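Structure first, then comments.
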Amino acid sequence: MKNFIVVVFVLILCSCGEKLIKEPDGLIPKDEMVDILSDLAILNAARNANPKILEEQNIEPTRFVFEKYKIDSLQFVTSDTYYASLPKEYEAMYLEVEELLNKIKDSMTEAKKIKDSLLMDSRNKKSPIKKPNTKEAKDSLP
């Protein structure tokens, strides 16, 4: 009976290390998958923020990303399903996506600050209102 329990325990341990889904043909590499997921997140956010702009430019976000990376929807879905079957790797990929999106956000915020400061400087130079001269005030008392 003890041998039977040991055998069952070993089988359970071995099955835990087994992959649930086989690696599909044409698996998208992890780094490229992170880029694809980042682009999809950006384009979907743009579509939700102002769908009219994408419609006017005749851009469908998902199709645009698939064409950019030269993949098809089946390849994306099978790759995404495969990575989802590996929770630790999938979580790490989404953390990379989040990090990449934060870097893009930070660079956009910095660029906006620079643009705003240049715009403000330009407006100040064109302003007809002259700033008072900040020379030292003379004492009016004798």
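It should be emphasised that the depicted structure is a prediction, and the values quoted were computed from it without experimental measurement.
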Begin with the C-alpha distance, continue with both residues' side-chain angles, and end with the deciding distance and a verdict on side-chain contact (heavy atoms from CB on, under 4.5 Å) for Y69 and D39.
-> CA-CA 10 Å; Y69 290 97; D39 286 351; 2.6 Å; yes
Take atom [atom1] in [X]; do more than 12 heavy atoms of anything else shown fall under 6.0 Å from it?
X	atom1	value
N48	CG	yes
N50	CG	yes
E32	CD	yes

If you round to the nearest 0.5 Å, how far is [atom2] of [Y] from [atom1] of [X]?
X	Y	atom1	atom2	result
D80	M33	CG	CE	4.0 Å
S79	E23	OG	CD	9.0 Å
Y82	I21	OH	CD1	9.0 Å
D106	L101	CG	CG	11.0 Å
E98	K105	CD	NZ	10.5 Å
I71	T78	CD1	OG1	9.5 Å

P87 and S85 have their tightest heavy-atom pair at CD-O, 3.3 Å
Which heavy atom in A46 sits nearest to a heavy atom in L54, and how many Å separate them?
->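 Smallest interatomic distance, heavy atoms only, reads C-CD1, 4.2 Å.
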Taking a hydrophobic cluster as the set of Ile, Leu, Val, Met, Phe, Trp and Tyr residues connected by side-chain heavy atoms closer than 4.5 Å, whether directly or through intermediates, do [X] and [Y] fall within one such cluster?
X	Y	value
I59	V65	yes
V34	Y94	yes
L95	I42	no
Y83	L74	no

Do [X] and [Y] make a side-chain contact, defined as non-hydrogen atoms from C-beta onward lying under 4.5 Å apart?
X	Y	value
F64	L40	no
E110	I114	yes
D35	V97	no

Run the salt-bridge test on E56 and K52 with the 4.0 Å N-O cut-off and return the result as yes or no.
->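 Looking at K52 together with E56, the answer is no, because their closest N to O distance does not fall below 4.0 Å.
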Determine, stepwise, if the pair K30 / E96 fulfils side-chain contact (heavy atoms from CB on, under 4.5 Å).
-> CA-CA 10 Å; K30 287 180 194 175; E96 283 184 55; over 6 Å; no
Return yes if some donor-acceptor pair links the side-chain N/O of Q75 with the main-chain N/O of G26 below 3.5 Å, else return no.
-> yes
